[in-house]
Novice: 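The structure is given below, and queries will be raised subsequently.
Lettering follows sequence order; numbering is per chain, from 1.
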Amino acid sequence: MITSETYRSLGLTDKEYQKILSLLKREPTVTELAMFAAEWSEHCGYVSSRNLLKILPKTGKYKTLIGEDSGGIFVDDIAIIFKMESHNHPSQVEPKQGAATGVGGIIRDIFTAGARPIASLNSLRFGSLSEPYNKYLLQGVVDGIQFYGNCLGVPTIGGEIYFDESYNGNCLVNAMSIGIAKKNELAKACAFGEGNSIMYVGASTGRDGIGGCSVLASHEFSEGDAKRPTVQIGDPFMEKCLIEATLEILSTGYVLGIKDMGAAGLTCAVSEMASDGESGIDMELCNIPLREKHMEPWEIMVSESQARMLVCVKAGKEKAIKNIFSKWDLNAVTIGKVIKDKMVRIWDNGKILVEVKADILTKAPIYDMPYKKPEYMKKINNLDIDVVHEPSDYNIVLLNLLKSPSIASKEWVYEQYDHMIQLNTVVLPGSDAAVIRLKGTNKAIAATTDCNSRYCYLNPYRGAQIAVAEAARNLVCSGAEPASVTDCLNFGNPKKPDRYWQFKNCVQGITDACEFFDVSVASGNVSFYNENPAGAVYPTPAIGMIGIIDDINKVCTQYFKNEDDLIILLGISLEELGGSEYLKLVHELVRGDAPELDLKMERAVQLTTLEAIRDGLVNSAHDLSEGGLAVGLAECCMSNKEKLIGAVVDNLNFDIRTDALLFGESQSRIILSCAEKSLNQIKKIAKKHKTSLQVIGSTGGNRFIVSNNDNKLIDLSLEKLQDTWSNALRRDIDSSN
Amino acid sequence: MLKAKVYVNLKNTVVDPQGLATKNALKSLNYEREIEEVRVGKLIDIRLDMSDRKKAEQMIDEMCKKLLSNPTIEDYSFTLEEVE
Amino acid sequence: MLKAKVYVNLKNTVVDPQGLATKNALKSLNYEREIEEVRVGKLIDIRLDMSDRKKAEQMIDEMCKKLLSNPTIEDYSFTLEEVE
Amino acid sequence: MEFLRFGVVVFPGSNCDHDCFYVLNNVLKQDVKYIWHKEIEVRDVDCIVLPGGFSYGDYLRTGAIARFSPIMQGVIDFANKGGLVIGICNGFQILLEAGLLPGAMLRNKNVHFICKHVHIKLLNKNTPFTNLYKKDEVLKIPIAHNEGNYYIDEKGLKTLKENNQIVFQYCANPNGAADNIAGIINKEGNVLGMMPHPERSSEKELGSQDGLFIFKSIVEWVK
Ligand SMILES: Nc1ncnc2c1ncn2[C@@H]1O[C@H](COP(=O)(O)OP(=O)(O)O)[C@@H](O)[C@H]1O
Ligand SMILES: [Mg+2]
């Protein structure tokens, strides 16, 4: 007998349970109930987000493929598959393994699509580093990412990290992976063709991640059991073998479908492969390789043990598949077959346990969630700029900004990641976007992750648009055409209307911005319930974007290259301080509105930059973001450690407040540097695109000097700047509290 | 002077990839039949410049909880002995 | 069934980077004065499906020499106990 | 002989195997084949490459488990007969564990993985692996490792020096290695181990071509 207590503690509502009863026309078995609970959960079923996610654009200037588990675009005959996914909650309790298994999970999504993983990125959020636990989280997460990615041999080429109190108690760990395949080598995640075999491959099954479902256990939990952790130990070595074995079986032509067992493990893999293939699966549990003794069938069905996959194999070819897996010392066993009626039928030693129509399981209910504009916005959206006093020493402000961990160099982080393996990384981390070449072609991929969640907090719609615009801007600065997006939407409890309002507006913002730039959203992931006792984390719709470079010789980086180059500012600086790092750091204010965003102007600035790079006219391109003009210029001077180059910026002549001029975060601005002889041609390009262009100074020397109307505002040595910026994070971590 | 020997082990319910790899390696070294299970943990030796055993015990316990192990996935134990 | 506990430690003459890092981390957790030295080693638990203690001892010793420790930098020791 | 035949050994967990293959085959235009770790004999190659990576996950100790892979006896036999063997990064660690080179590897001094370009100085150009470099040349070449902190006791170090076995030294020590050692060769001069990755500095697009000359030197030597 299933009691209301049981299904409720599995997360099913009364209404949902009634629906199950009416669909089945009988009471579900325990195993069936566990499967429904898993499939209809937020995590697998996207029950409160699916309605909204529908609006994200599925097409763009590059032909887009929306796959079952990941998505991508086509460039000539190459498919570029990519996706970002969250692993926030496991990382909060066990940062190293949580982050490691997060990386492992997303990379499995890529190679089960048939693509060889060629790069990883991430997007991380932590609470303030003044708290020891947040330091521990940062170190642990970075350690987990390096441990897993380095061992797999997939370069981690970029990412972003921000620190803010809103993430105290709930860090965000979003991992992104990119893979490539020949167009015709892609694999599907479905099962079809009556009589074909269903094989289980990879690691054995244990009681990992069955936490929520343990209410189903009929026996009393004994001591160790009850505290069974939901965190797992990552095994990159096993996964590395799995990658090689999987790509090898896919090349045999005997594999019809393959799916990773991720969330909800076998349940999800079986029911979705059957339903996506419009067929049924009949399988026997007793053949499944188990790691622990006395596992109940429902435990096997919902276990989330790592590094396992389900494969649909042409009848008669099982042996060939098995041989490849044995070569890599991995399991491969036949556990069932494809059947014509669209049922999921599961046996345990000949006893029937589950008999459900596949798409009943996979068609989770969809809910329209109530939403309401949050109260806090009224309070914080207006900022009286007149009460913000201008500082007296801009040198100090600049140094403090460069020291702030969200702006400081992330070298301490990316030096721990192998970012060169596979011999493709043409632009290493440390520039606006990383660039990896596509061997055998003249092309390259640029990739970045971006999101300023403070903007999203102040203005979810525009904040999300800015995340897309900034990602595109970063790609353009490397010489790439923005091509497609993956997103990872990190929000609070969706059942709270104010949180859902944030979510809805961010999704709308992403949609509108992507449509404007004509880039598709090829894949993504939603993570709700990111809350701490003080409330939800800032709405954080992390954007991962990839761009295409047609000519690998036309790649650009952000740092100044030569002495005596001209420094050009594209775009317009407004008198706005809302949401800026400066306002937070110096005035301890999180107020105002997110910066203005004029998408047309954004496009004009980007088109100008891209055309100038392609014409070989510019020597460097860097977009302005957190910390504004002063920080952006300083980065141009010092982000190439091997060659620091100073700058004299003496032609600003702006008529806005000095702090806004130096540290305001107006959007749609890019700093270029070029030889004097190229200026006229760049001007012509800017004019054609109706972009505002101003020569603001020139490079050279060993100081960074900024003045306005003959007023010296900043004058610092490069050594001081470089030391402050590049060692800040290391110092924060090493300092004792 | 006191010396603490701290043993940190993965919980029994957690898979230990390192132990598994070591087990397989030992098996291929011809200990095929005998080896049942291998688990690899940490052994941390700490020399303390103090003599109060009680206090030392408390301190080591604290360190284990705070830094040396993660109770989510690991168990720890320790012994204390007098040394020169 | 026998269970061997194998302890593998860096030799005293070898600097232990991990031990040093752990020591510094502990110091920053306010155990500034007490901590003299920290060294991090390995603890390898091996369950053996055999009952002959003598033979087991010999076997574990062999494993230590061959695989579990590197004599250039490490020392090892072990204990054996009866378990179910 | 038209082409040199290189054999790149693949252990489970090797992950620079493709990179080495690519450079030898596509950049240097030589014959290359993979050698699976379960093979027991090395046949028809002029030089064996033990590539970087995490053989067996680097569990227990780097290179410790790989050292017992079936192929290693073949590699040892090959080396003892004077065959050229180069171990890069994890390959170097395996050579140490296998006893083909003296010493051992410890964790990096900062206990972090380090991936970056470094500069190394050539100390011995009279080897099959370095004959095309200039004397005392400084190379820009990437490192990427967790355990590159080379350890050897004093007596051993003295022997290395006496026999000119230290081939590369870091210009600025990144990991704590004894005597700044980045690469060493055996007494007989046919087995080289080095932590930096020459295959990662073999093409202009990737920022340096300084490593390519190691492979070129091998070709030159055998011819
Ligand atoms: N978590 C991370 N992992 C790897 N690289 C990172 C990470 N965080 C930042 N980086 C790298 O540091 C550089 C600067 O990052 P960021 O300040 O976020 O740039 P931007 O403001 O231009 O988006 C980029 O090259 C980025 O990829
Ligand atoms: Mg940027």
Novice: When you look at CD of C/E37, are more than 12 heavy atoms from neighbouring residues, nucleotides or ligands closer to it than 6.0 Å?
Specialist: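 Yes, the 6.0 Å shell around CD holds more than 12 heavy atoms from other groups.
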Novice: Pick one of side chain, backbone, both or neither for B/M63, based on which atoms fall under 4.5 Å of a heavy atom in chain C.
Specialist: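 For B/M63, the contact with chain C is made by backbone and side chain together.
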Novice: Could you tell me which portion of C/M1 (side chain, backbone, both or neither) has an atom closer than 4.5 angstrom to a non-hydrogen atom of chain B?
Specialist: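 Looking at C/M1, just its side chain touches chain B.
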Novice: According to side chain to side chain contact (heavy atoms under 4.5 Å, CB included), who are the partners of C/E62, at least two apart in sequence or on a separate chain?
Specialist: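 C/E62 satisfies side chain to side chain contact (heavy atoms under 4.5 Å, CB included) with B/Y31 only.
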Novice: If I take atom CZ from residue C/R47 and atom CZ from residue B/R39, how far apart are they, to the nearest 0.5 angstrom?
Specialist: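 Between atom CZ of C/R47 and atom CZ of B/R39 there are 10.5 Å.
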Novice: Under 4.5 Å from any heavy atom of chain B, what part of C/K5 do you find: side chain, backbone, both or neither?
Specialist: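 Contact with chain B involves no heavy atom of C/K5 at all.
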Novice: Could you measure the distance from the CG atom of B/L43 to the OG atom of C/S77? Nearest 0.5 Å is fine.
Specialist: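 Taking CG in B/L43 and OG in C/S77, the distance rounds to 8.0 Å.
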Novice: Around C/K55, counting heavy atoms of other residues, nucleotides and ligands shown, do more than 12 lie under 6.0 Å from its NZ?
Specialist: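 12 or below, so no.
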Novice: Mind checking the NZ-OG1 spacing from B/K42 to C/T22? Nearest 0.5 Å is all I need.
Specialist: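 Nearest 0.5 Å value for the NZ-OG1 distance: 7.5 Å.
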Novice: When heavy-atom pairs shorter than 4.5 Å are enumerated against chain C, which of B/L29, B/L68, B/L2, B/D49 gives the highest number?
Specialist: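 Option with the greatest count: B/D49.
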Novice: At a heavy-atom separation under 4.5 Å, does C/N9 approach chain B through its side chain, its backbone, both, or neither?
Specialist: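 For C/N9, the side chain is the part near chain B, not the backbone.
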Novice: Counting only heavy atoms closer than 4.5 Å, note whether C/L48 contacts chain B via side chain, backbone, both or neither.
Specialist: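 Looking at C/L48, backbone and side chain both touch chain B.
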Novice: May I ask you to test the B/D45-C/V38 pair for a side-chain heavy-atom distance under 4.5 Å?
Specialist: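 Of all side-chain heavy-atom pairs linking C/V38 with B/D45, none is under 4.5 Å.
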Novice: What distance do B/I60 atom CD1 and C/L26 atom CG have between them, rounded to the nearest 0.5 Å?
Specialist: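 Going from CD1 on B/I60 over to CG on C/L26, the span is 8.0 Å.
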Novice: Output the option from B/M50, B/K66, B/M59 having the highest count of non-hydrogen pairs under 4.5 Å with chain C.
Specialist: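 Highest number of heavy-atom pairs under 4.5 Å: B/M59.
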